[in-house]
Every structure is written in structure tokens, then in C-alpha cells.
Amino acid sequence: MISVSEALDRLFALAEPLPTEDVPLIEAAGRVLSRSVEARRDQPPFAASAMDGYAVAEAAPGLSFTVVGESAAGSRYRGSISAGEAVRIFTGAPVPEGANIVVIQEDVDRDGDRITITDRLGPGDNIRAYGNDFRKGDTVSAPRVLTPQDIALLASMNIARVPVTRRPKVALISTGDELVMPGEEPGADQIIASNTFGLHALLRQIGAEPRLLPIAGDSEASLRTVFGLVDDADLVVTIGGASVGDHDLVAQVAEAMGLERSFHKVAMRPGKPLMSGRLGGAMMIGLPGNPVSAMVCGHIFIAPVIRVMLGLGAAPAERKSAVLAAPLGPNGPREHYMRARVTPEGVCAFERQDSSLLSILGEAGGLIVRPPRDPAREAGETVEYVPF
Ligand code: AMP
Ligand code: MG
């Protein structure tokens with residue numbers, strides 16, 4: 001049995017960053033920018049008015065000007081102004097040559113084509129300097145997960161197609177004769193496959209492209225048939241059949257089909273029978289079937305692997321620190337990921353930690369991480385947790 005961090009290292013050794021593809025800007029949010037991109041222009045491309053008002057060479061209360069023309073956003077005043085002249089100007093319009101200040105319209109009195117600056121004159125020149133947002137060649141650096149804010153910036157840089165890492169294709173396989181799909185009518189001894197759906201949602205959320213394969217029965221023939229549908233997946237995730245029960249055939253069948261196994265067991269709770277290796281062109285991870293184990297392993301192992309594939313680097317799931325709102329007993333020999341309520345007062349592990357209880361997972365805000373043999377902890381002590 002290996003430790004969680006050893007298992008992660010071995011997973012990282014198996015995972016590779018995927019190639020780049022170009023996507024239209026409108027499709028790029030949430031994708032990983034795979035190489036830095038450069039602004040294709042200066043912004044603003046001219047000194048621009050920040051307000052509606054009058055462009056003048058100099059301003060002081062009492063000064064009067066003749067309005068000689070207009071500069072609007074999208075159509076500038078062609079010409080320059082001299083002392084005593086003003087140009088009516090609007091937000092976003094180019095500031096005419098010769099003007100140094102935009103006096104906002106609230107600070108002038110107008111009479112026909114004459115304006116006079118009142119003694120309300122406010123501070124500032126109300127001009128956005130040429131190129132003060134960014135210059136041609138300024139970069140947006142990679143890798144990064146593109147936010148809506150990044151998309152706005154890329155748009156104004158006139159970048160219409162964006163280089164992003166291809167989404168990892170993940171094939172999800174539930175195994176077990178007892179499983180049926182949500183919406184189906186289960187037999188007396190059957191339950192609904194939940195893990196593949198939870199993992200599908202998690203994978204979507206972190207930028208992968210998951211695909212549900214048919215449920216495999218607990219027979220070699222059925223497992224082989226479903227493995228045969230894996231196609232061009234970058235990662236194959238099996239769920240269940242990974243321990244040592246009579247019906248746990250996943251490792252056996254995968255090995256007969258060419259799996260080069262990297263490890264099989266990890267010293268953690270929940271999730272001990274975790275398996276990984278390479279199967280043909282894909283990486284494979286075999287998860288335990290217990291619903292909470294599968295989801296915890298999804299957060300602790302699969303999400304970091306997906307981040308490597310996306311080019312975001314090899315790092316364990318993010319952890320935060322918090323104080324314990326209630327005491328914890330001593331931990332055993334395996335690293336324990338305890339479902340916990342996360343509140344402003346601190347974190348509090350649920351009483352019931354059985355790995356079949358999805359109702360409690362749904363209430364949890366994260367997983368308190370207990371190192372192997374961690375002694376009992378008092379309320380008020382600081383612990384680490386993995387937030388959901
Ligand atoms: P196994 O690892 O196949 O021995 O499964 C352990 C437990 O998890 C059993 O109670 C299974 O019924 C349950 N289980 C396995 N796969 C799934 C799944 N995809 N969804 C929900 N429960 C599952
Ligand atoms: Mg099973």
C-alpha cells in the first residue's frame with residue numbers, strides 16, 4: 001500500500017499535457033489558455049474623452065470659449081483647436097489636437113455656441129491617455145483558466161481565436177450487476193448507478209469532456225465489451241470491482257487487455273482500492289465503488305490528473321486551513337478524508353463517515369484531511385481541509 005502523495009506522484013508520472021487547439025473567443029471561457037497571447041493593438045488607440053463635455057486647451061472658472069465642432073465616439077472632430085475654442089465631446093470620442101482637458105458639461109454654462117466655465121470646475125483632465133490600458137504586444141500569460149474578465153480583455157486586444165488545451169476525454173465505466181441507470185426501474189436487488197453521474201459532473205466542472213459508457217456487468221465478457229468502447233479516451237475511469245471480492249474483476253480483465261499497472265492500493269480512507277496504470281493509448285484509474293469513496297477519489301486524484309492534462313501543472317487538490325468547531329478522535333494508520341461542515345465558526349466532521357452515505361457528502365462543504373496516526377484534536381485547533 002502506498003501513501004496518497006506517492007499515489008499522486010505516480011499518477012502525475014502517467015499523465016501528460018494534451019495538445020493545443022484554437023477555438024473562437026466566444027467558446028474560450030473556462031478553457032485553459034495554452035500559450036501566451038499578445039495584444040494586436042493599442043488601447044485606447046487615441047487619447048479619448050472619459051466624460052461628456054467640452055474639449056479645451058486650458059480650463060479655469062470664468063473662461064469662455066466658442067464651440068467650433070463636435071467629436072463623437074466613432075467619428076472624431078477633424079482639425080485642431082486653439083485658445084478660445086472648444087469642441088463638444090462625448091465619452092469614448094477622440095480628443096481633438098490642441099485640447100488638453102475635457103470640462104464636463106455640468107461645469108459649464110452654455111449660451112448658443114458660447115460656453116463659460118463655472119466655478120464648479122472639478123479636478124482632473126477627464127482624458128484617457130493613448131495606450132493606457134494596454135499596448136500592442138502586451139501579453140496575457142499562459143497557462144490560466146480563462147475567466148469572463150480575461151475574455152473581455154482578449155476581445156479588446158482583437159484576439160478572435162484563442163489557443164487552448166484540448167479538453168481531456170474521459171470514459172466513465174460503472175461496473176456491477178446490481179446497477180441500473182437513473183430513471184430505469186431497478187429490480188429488488190438493484191440500486192441506481194450514482195458514481196458515474198457525480199464524476200461526470202465533477203469532470204465537466206473542471207474542464208474535461210466526460211463520456212458515460214454502458215454499465216459493465218460483473219463478468220469478464222461484459223467488462224471486455226465495455227472496455228472495447230473506450231475509443232480515443234485520454235483517461236478511462238472504472239468504478240467498482242476494484243477490491244478483492246469474488247466479483248471484483250476489473251484489474252484482472254484490464255491486465256488481460258494490456259494494463260501496465262502502476263499501483264493498486266492506497267493508504268487512505270475512504271478509497272483504499274485505488275488502481276492506476278496505462279491501458280493502450282489511455283491512462284486508467286480504477287476507483288472503488290462505494291459512492292463516497294468514488295467522489296472523494298475524484299477530488300483527490302482525478303481532478304489533479306485532469307489539471308496536469310490541461311497543462312495547469314502537477315499539484316494536489318487545494319487545501320485550506322480552518323479551526324475545528326468540534327473535537328476529533330485519534331486517526332488510524334491511513335490518511336482520512338472526513339466529510340465536514342464548513343461554517344464561519346470553523347469545520348466540523350460529521351458523526352457518520354460511512355463511505356456509502358451520499359446524503360452526508362451532499363451536506364459537506366469539504367473534507368478534513370487527517371494525516372496517518374494524527375492524534376486526537378481539540379476544538380479550536382487548526383486543521384487542513386479540501387474545500388468542494
Ligand atoms: P465494489 O467496489 O464493486 O465492491 O462496490 C462497492 C459498493 O459500491 C457496492 O455497494 C456497490 O453496489 C456500490 N457501487 C459500485 N459502483 C457503484 C456506482 N456506479 N454507483 C453507486 N454505487 C456503486
Ligand atoms: Mg461491484
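One-based numbering, in listed order, for ligands and for the atoms of each.
- Side chain of Asn100 to backbone of Ala57: a donor-acceptor contact under 3.5 angstrom is found.
- Among all protein heavy atoms, the one lying closest to atom 7 (C) of ligand 1 is Asn290 OD1, 3.5 Å.
- With a 4.0 Å heavy-atom cut-off, ligand 1 is reached by the backbone of Ile192 but not by any atom from C-beta on.
- When each atom of ligand 1 is checked for a heavy atom of Glu178 under 4.0 Å away, the hits are 11 (C), 12 (O).
- Counting only residues at least two apart or in different chains, salt bridge (charged side-chain N to carboxylate O under 4.0 Å, His left out) contacts with residues 15-31 comprise Glu21-Arg31.
- Counting heavy atoms from C-beta on, the side chains of Arg278 and Met283 come closer than 4.5 Å.
- Residue pairs meeting the ring pair (Phe, Tyr, Trp, His ring centres under 6.0 Å) criterion with at least one partner in residues 266-301, sequence neighbours excluded, are His299-Phe388.
- The backbone N or O of Lys136 lies less than 3.5 Å from a partner atom in the side chain of Asp42, making a donor-acceptor pair.
- Near Ala193, meaning under 4.0 Å from one of its heavy atoms, ligand 1 places the atoms 20 (N).
- Atoms of ligand 1 found under 4.0 Å from any heavy atom of Ser174, numbered from 1 in the order shown, are 19 (N).
- From the protein, the heavy atom lying nearest to atom 4 (O) of ligand 1 is Asp248 OD1, 3.8 Å.
- In terms of protein heavy atoms, atom 20 (N) of ligand 1 is closest to Ser194 N, 2.9 Å.
- In this structure, Glu85 contributes its side chain and Ser82 its backbone to a donor-acceptor pair below 3.5 Å.
- Within ligand 1, counting atoms from 1 as listed, the ones closer than 4.0 Å to a heavy atom of Leu179 are 16 (N), 17 (C), 18 (C), 19 (N), 23 (C).
- Ranking protein heavy atoms by distance to atom 17 (C) of ligand 1, first place goes to Asn195 ND2, 3.2 Å.
- Under the 3.5 Å distance criterion, with hydrogens and angles disregarded, no donor-acceptor pair is assigned to the side chains of Thr382 and Ser321.
- In terms of protein heavy atoms, atom 23 (C) of ligand 1 is closest to Gly289 O, 3.3 Å.
- Backbone and side-chain nitrogen or oxygen atoms of Gly241 are examined, and one is located within less than 3.5 angstrom of a nitrogen or oxygen of ligand 1.
- In summary, the atoms of ligand 1 found under 4.0 Å from a heavy atom of Ile191, numbered by their order in the structure, are 12 (O), 22 (N).
- Note that the CZ atom of Arg269 and the CD atom of Glu335 stand 12.0 Å from one another [nearest 0.5 Å].
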